[in-house]
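All values below come from the heavy atoms of this structure, side chains included, with hydrogens, waters and symmetry mates left out. Every value quoted in this text rests on a predicted model; they were computed, and no experiment measured them. Lettering follows sequence order; numbering is per chain, from 1.
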Amino acid sequence: MYWSHLFIPTLREVPADAEVASHRLLLRAGYVRPLGAGIYNYLFLAQRSMTKIMRIIREEMEAIGAQEFHLAALNPAEVWQESGRWEGMGQNMFRLKDRFNRDLCLAMTHEEVMTSIARGELRSYKQLPQIWYQIQTKFRDEPRPKSGLLRVRQFFMKDSYSFDVDAAGLDASYEKHRQAYCRIFERCGIAYMVVDADSGAMGGSASQEFMVATEAGEDHVVHCKATGYSANLEKAVSRPAPASAADDMTALEPDEIHTPGAKTIDEVSKFLGVPATSLIKSVVVIADFGKQQKPVLALMRGDHQMSETKFLSVVGCKEYRAATPEEIRGLFGADPGSLGPVGAPKMPIYADTALEGRHNLVAGANKDDYHLKNVTPGEDFTPKYADLRQVVAGDTEVETGAPLEIVKTMEIGHIFKLGYKYSESMGLQVLNADGKETKVIMGSYGIGVERVLCGAVELYNDADGISMPAAIAPFEVVVTPVNFTDEALKAAAIALYAELKGMGVDVLLDDRDERPGVKFKDAELIGIPWRVTVGKKLAQGVFEVSERRTKTVTEVGVSEVAGWLKAKLA
RNA sequence: CGGGGCGUGGCUCAGCCUGGUAGAGCGCCUGGUUCGGGACCAGGAGGCCGGAGGUUCGAAUCCUCUCGCCCCGACCA
């Protein structure tokens, strides 16, 4: 294509509202334009990149035998009511009514619709396994769209669903997806991590997330360089960093101390001159078990934070919330800043394993402005021990003791073993080999297409703009004649353009009547991986080939250039 | 939904406090000179100052309401 005919509205100045790199650059490079909060139009360049990403996805999905569908985005309420997610999705789902006042929604995912197709059509185990997928617009009424294309209200998702007769079948489908996802992200040319994750609202047992490390991300991943261990912060396990001060191991009885005004861990620590690692943090929460709500006391080492996910799975409740100050006063007779396990009212007490084996710690006295010293778990109170804490910097890997780091990441893909959640709630069964009705076991697997694009931009950019991986760049090569009005340069540029095109290279000819500096800057901004400068060196029979990523320039003979580039792009 | 910020030519912003004929740079158009890292000269087009109401002789500017966007938090497959 000839640049002078294209719409590539690059901006010299940085758009005021854009803060994260991918947002700023996708706007500046003319890939996208905003339409509303969390709603974007994809212009020529973005569409080109997105199409390439989707092509890679389709090829790899086909390779594992997945079949492409295209489901309705406009869904009747009934199918969501069956699974219980009409309520469950809350305000994040766009809802609307038709002219007859019937409830509809814009789908944010398609477990329900896929399951409804499967239950109507799948009759026998002989039809399994099936993997069905689609690439489709998803809608989510995000409370706060942000960071350009990172968190939006309308986006493309590749979502696939597997149907198997038994757990072994699901394992195989899941593994196929895991490998396909690895190949997809590798082919897209982006650095990614696979991390163990919590399955959250999707339900089900196992799940892994595919992550790109970027400060713009909203997730935190615990990563061990030495062992390769990586897990979502919510789920990650660790060996806690040792306490800052050794415990006094003598047998002592709890002893009340006056701590006026000291309520937070920090204040108590300062007031008593005792490190936070020798304090017990007491958290009162109201756990929701569905039928009843009960208070639970959770204990953490002073420097640790509770992991919501771990708490939910340890305690076995559906949800929980912090107890209100009034509830706490009613139960403990003291304010939140002075709570502790000794003399606490009767309720389940869970202590994080970092407190196990500790001696003579400081905890609240359940009396305003008083704490207790010499509190020893297991002697002065008896908790159930469990891993409840969130990993913090300084923790080490459980097996090896190797250091762990916490990395900010963006999720680009997620694979789940759903289990029977939807086949049960929606009644999806087939006849097995014994002629008996048996529930189908499912998996679901997603890739955020825009996020792959954003991830690439986040990972590969510099002061000059985007350095797109060749596989998903809008063009692979740009041919830049320094002066298109010079007949010799023009002829050479057109000839090279035609030759590259003939070889199947995705090439752009910058035929604009612009000064060379403008053309160079634009090419670098939009991220084309290779640029061939057709200029003064033509007289010596060579072109200069610049690699965007490394900024290296190689002189290649006029007749060899096309082959040289083709080889580099292979 | 709470907190903060911002809406003025296509873009980045000034002007507002202290009301009195709407500005700059970039971009765009025309002509000319240029042509290896976002050129230069000359001329030109383009804005009911987000919207509504109010105060005033007079409002971009002051007041009230409203809409939108961005950021932080809550929230989040």
Exercise. Between A/T115 and A/Y161, is any pair of side-chain heavy atoms under 4.5 Å apart?
Worked result: no

Exercise. Does A/R548 reach the side chain of A/Y460, with side-chain heavy atoms less than 4.5 Å apart?
Worked result: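 No, side chains not in contact.
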
Exercise. Does A/R85 pair with A/E111 as a salt bridge, N-O distance under 4.0 Å?
Worked result: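 Yes, this pair counts.
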
Given the [atom1] atoms of [N] and [M], what is the spacing between them in whole Å?
N	M	atom1	result
B/rG2	B/rA14	P	28 Å
B/rA59	B/rG51	C1'	15 Å
B/rA39	B/rU21	C1'	36 Å
B/rG50	B/rA60	P	10 Å
B/rU61	B/rG23	C1'	15 Å
B/rC6	B/rC17	P	15 Å
B/rC49	B/rG10	P	13 Å
B/rC48	B/rU56	P	27 Å

Counting the atoms with a prime plus P, OP1 and OP2 as sugar-phosphate, which does [X] contact under 4.0 Å by heavy atoms, base, sugar-phosphate, or nothing?
X	result
A/E142	nothing
A/E19	sugar-phosphate
A/R153	nothing
A/G446	nothing
A/G90	nothing
A/S147	sugar-phosphate
A/R33	nothing
A/K551	nothing
A/D486	nothing

Minimum-distance nucleotide (side-chain atoms of [X] versus [options]):
X	options	answer
A/P516	B/rC76, B/rG36, B/rU12	B/rG36
A/A16	B/rC35, B/rC69, B/rC13	B/rC13
A/K146	B/rC35, B/rU12, B/rC71	B/rC71
A/P15	B/rA39, B/rU12, B/rG38	B/rU12
A/E13	B/rC26, B/rC69, B/rC35	B/rC26
A/E544	B/rG36, B/rG37, B/rC69	B/rG36
A/V518	B/rC69, B/rG37, B/rA39	B/rA39

Exercise. For the base of B/rG38, is there a side-chain donor-acceptor partner from A/D522 under 3.5 Å away?
Worked result: yes

Exercise. Looking at B/rG38, does its base get a donor-acceptor pair with the side chain of A/E514 below 3.5 Å?
Worked result: no

Looking at [N], which nucleotide sits across from it as a Watson-Crick or G-U wobble partner, both distances under 3.5 angstrom, or is there none?
N	value
B/rU61	none
B/rG31	B/rC41
B/rC69	B/rG5
B/rC75	none
B/rG36	none
B/rC13	B/rG23

Seminar exercise, completed: Partner of A/E524 under salt bridge (Lys or Arg N to Asp or Glu O under 4.0 Å), picked from A/K551, A/R531, A/R549, is A/R531

Exercise. If we ignore angles and hydrogens, is there a donor and acceptor under 3.5 Å between the side chains of A/R119 and A/Y422?
Worked result: no

Exercise. Side chains of A/K146 and A/H23: donor-acceptor distance under 3.5 Å anywhere?
Worked result: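 Distance-only check fails for A/K146 and A/H23.
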
Between [atom2] of [N] and [atom1] of [X], the distance in whole Å:
X	N	atom1	atom2	result
A/F520	B/rG38	CZ	C1'	12 Å
A/L43	B/rG10	CG	P	17 Å
A/R512	B/rC35	CZ	C1'	14 Å
A/R12	B/rU12	CZ	P	15 Å
A/K138	B/rC76	NZ	P	21 Å
A/I528	B/rG37	CD1	C1'	16 Å
A/N41	B/rG10	CG	P	18 Å
A/D141	B/rC76	CG	P	14 Å

Exercise. Taking for each residue the nucleotide of RNA chain B with the nearest heavy atom, is it A/E411 or A/K537 whose nucleotide lies nearer the 5' end?
Worked result: A/K537

For this session: Hey, which sits more toward the 5' end of RNA chain B by its nearest nucleotide, A/G38 or A/V14?
Result: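 Its nearest nucleotide being more 5', the pick is A/V14.
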
Problem set entry | Nearest heavy-atom neighbours spanning A/M468 and A/P474 |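 Shortest heavy-atom contact: CG-CD, 4.5 Å.
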
For this session: Might you point out which heavy atoms bring A/L538 and A/V558 nearest each other, and give the distance in Å?
Result: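 So the minimum-distance heavy-atom pair works out to CD1-CG2, 3.9 Å.
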
Exercise. Does any N or O in the side chain of A/R451 come within less than 3.5 Å of the main-chain N or O of A/L150, such that one atom is a donor and the other an acceptor?
Worked result: yes

Exercise. So, A/Y497 side chain and A/M1 main chain: donor-acceptor pair closer than 3.5 Å or not?
Worked result: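 Yes, because the side chain of A/Y497 sits within donor-acceptor range (under 3.5 Å) of the backbone of A/M1.
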
For this session: Quick one, give me the B/S/- string for nucleotides 1-6 of chain B, reading 5' to 3', where B means a protein heavy atom under 4.0 Å from the base and S means that only happens at the primed atoms, P, OP1 or OP2.
Result: ------

Exercise. Hey, would you say the A/Y445 and A/Y181 ring centroids sit under 6.0 Å apart?
Worked result: no

